[in-house]
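Counting starts at 1 for both ligands and their atoms, following the listed order. The structure presented is a predicted model; accordingly, all values stated were derived computationally and were not measured.
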Amino acid sequence: MRVLVINSGSSSIKYQLLDPDTGAVAASGQVSRIGEPVAPGTPSVEHDSDGHTLEHHGAIKDHAAGLRVVFDLFARSGHDLTAEGLRAVGHRVVHGGEVFYAPTLITDAVVRSIDELSALAPLHNPANVVGIESARALLPGVPQVAVFDTAFFHGLPDAAKTYAIDAKVAAAHGIRRYGFHGTSHEYVSGRVADVLGRKPEELNQIVLHLGNGASASAIRAGRAVDTSMGLTPLEGLVMGTRSGDIDPGIIPHLMRTAGLGIDAIDDLLNRNSGIKGLSGVNDFRELQGLIDSGDTAARLAYDVYIHRLRHYIGAYLVELGRVDAITFTAGVGENSPQVRADALADLSGFGITVDPDRNTAKDRAARLISPRGAQIPVLVVPTNEELAIARAAAALVA
Ligand code: AMP
C-alpha cells in the first residue's frame, strides 16, 4: 500500500505516489502557476508515471482545481487514488511553531492550528492548509498526516534557539530560531549513519543542505543542536534568491534612506538577494557558466556563498568539538564538486580533506568523498524528503 505525498507551495503543488517500504515511486508530478495565466503550449500540470509524461494545459484556478486535475491524471495513468487503498496522505508543512514537533494526524483542530501559525510563515502555511483541505475533500476515508519542516529542530538547546532581543517582546511574538529543512537534515543524517555502518546516536554530524534554499545543521548523537535558518527560512547561508545573514540594521536604514516599505524589503531579501541579487541569476549552473565566461559579479557571488558556508562549518566544528561526518546534500551539494572542494579547502589541519577523484566521480549514490582512512569522513548523500514524509506518515498510521 502506497502513500501520496503532497507539497503545496503558494502557486504550485509537487506530489509523489510511493511505497514507503521500498521507496519505489509509482508516479510523481507538479502543478505550476496556480491562479496565474498560462501561456499557450506551456503545461500547467506535468505527471510522470511508468516512464510516461502526461500533461494538462490550461490555467489552474486554485489548489483544489489543481488536485482534481492531478487525480484525473492519476486515473488516466492507471492509478485510481480513491480505489487504490492508500495507506495515508503525507503533507509537507513548513512551520510547526512551538505547537508541532512530530508527524501529526490531521484533524479539524490541527488544520486550525497550522492556519494560526501562518503569521510565522505567511508564504507557506496558508498554501499548506489549502493543500490539506483539498486532499481531505477528495480522499475523505484516507488518514492524512502533517510532517513539519521545523520538527527536527524543536529541541534545539536554549542558547542556540534564543535571539538576544528583549525577552518579553520575543515571548509575545513567538520569536526564536525554529530551523527549516528538518525532514532533509534528519533523513540525510540517518543515511550517513547507514553508509558509515554506525548508529546515529554514535555520531556528531554537520549536514549542509545546499539547494535553492540552503541550510546547515549541527547534530550531536542524532539530535539537532544548531541550525542556520531561524524564525524564517531567510537566515543563515547565502541562497538562490535569499540573503541569509545580514546586519538587521540594514532594514531600518533602507526604510529611512531608500523609503522602502515592509513588503518591498521582504521582496528584496527573499526574492532579489543571495546569488541572484549579486549576479542576476539564481540557478547555480547558470552562475558557473557566467564565472567561466569571466563575469566578475558572478565570481563575487560565488566567493560570498563559499565564505558564508565556511563560516558555518567552522562554527559547527567548534560547537560540536568532535565531528564524525560532514555531508553535502540537495541540488548544489549533490551536484557541484567545485562547491564541495572549495567549502572544505585547506582544512587538513582539522582532519578534513576531499579526495579529488571521489569528489568528481559521476555517481548518484550516497558515498564517501574523503580519502580512505580520513580522520573525518566527508560524504555526498542525495536527500529524499518525499520518502522521509511517506515513511513518517506510514509509521504514524500503523
Ligand atoms: P534544489 O533546491 O535542491 O532542487 O536545488 C536547486 C539548485 O541546484 C539550483 O541552484 C541548481 O542550479 C542546482 N543544481 C542542480 N544541478 C546542478 C549541477 N549539475 N551543478 C550545479 N548545480 C546544480
For this session: Starting from atom 13 (C) of ligand 1, find the nearest protein heavy-atom neighbour and note its residue, name and distance.
Result: Val332 CG2, 3.7 Å

Exercise. What do you reckon, does Leu210 have a nitrogen or oxygen under 3.5 Å from a nitrogen or oxygen of ligand 1?
Worked result: no

For this session: Please determine if Asp194 and Arg191 form a salt bridge, counting it only when a charged side-chain N lies under 4.0 Å from a carboxylate O.
Result: yes

For this session: Assign the ring pair Tyr305 / Tyr302 to parallel, tilted or perpendicular, where the plane angle (0 to 90°) is split at 30° and 60°.
Result: parallel

Exercise. So which protein heavy atom does atom 18 (C) of ligand 1 come closest to, and at what separation?
Worked result: Asn335 CB, 3.2 Å

Problem set entry | Heavy-atom nearest neighbour in the protein, as seen from atom 2 (O) of ligand 1, with distance rounded to 0.1 Å | Asn212 N, 2.8 Å

For this session: Would you kindly say whether Glu386 and Ser28 are connected by a side-chain donor-acceptor distance under 3.5 Å?
Result: no

Exercise. What residue and atom, counting heavy atoms only, is the protein's closest point to atom 15 (C) of ligand 1, and at what distance?
Worked result: Arg285 CZ, 3.6 Å

Problem set entry | His307, NE2 atom: more than 12 neighbouring heavy atoms under 6.0 Å | no

Exercise. Does any N or O atom in Asp283 lie less than 3.5 angstrom from one in ligand 1, N or O only?
Worked result: yes

Exercise. Considering residues, nucleotides and ligands other than Asp346, do more than 12 of their heavy atoms fall under 6.0 Å from its CG?
Worked result: no

Exercise. With a 4.0 Å cut-off on heavy atoms, does Gln288 reach ligand 1?
Worked result: yes

For this session: Considering only non-hydrogen protein atoms, determine which one is nearest to atom 22 (N) of ligand 1 and report residue, atom name and distance to 0.1 Å.
Result: Phe284 CB, 3.6 Å

Exercise. Ion pair present between Arg136 and Asp108, side-chain N to carboxylate O less than 4.0 angstrom?
Worked result: yes

Exercise. Do any nitrogen or oxygen atoms of Gly211 come within less than 3.5 Å of a nitrogen or oxygen of ligand 1?
Worked result: no

For this session: Could you list which atoms of ligand 1 come closer than 4.0 Å to a heavy atom of Gly331?
Result: 1 (P), 3 (O), 5 (O), 8 (O), 13 (C), 14 (N), 15 (C), 23 (C)

For this session: Please identify which atoms of ligand 1 are closer than 4.0 Å to at least one heavy atom of Ala330.
Result: 3 (O)

Problem set entry | Protein heavy atom under 4.0 Å of atom 4 (O) of ligand 1 | no

Exercise. Crowded around Tyr101 OH? As in, over 12 foreign heavy atoms under 6.0 Å?
Worked result: no

Problem set entry | Residue Arg256 excluded, over 12 heavy atoms near CZ under 6.0 Å | no

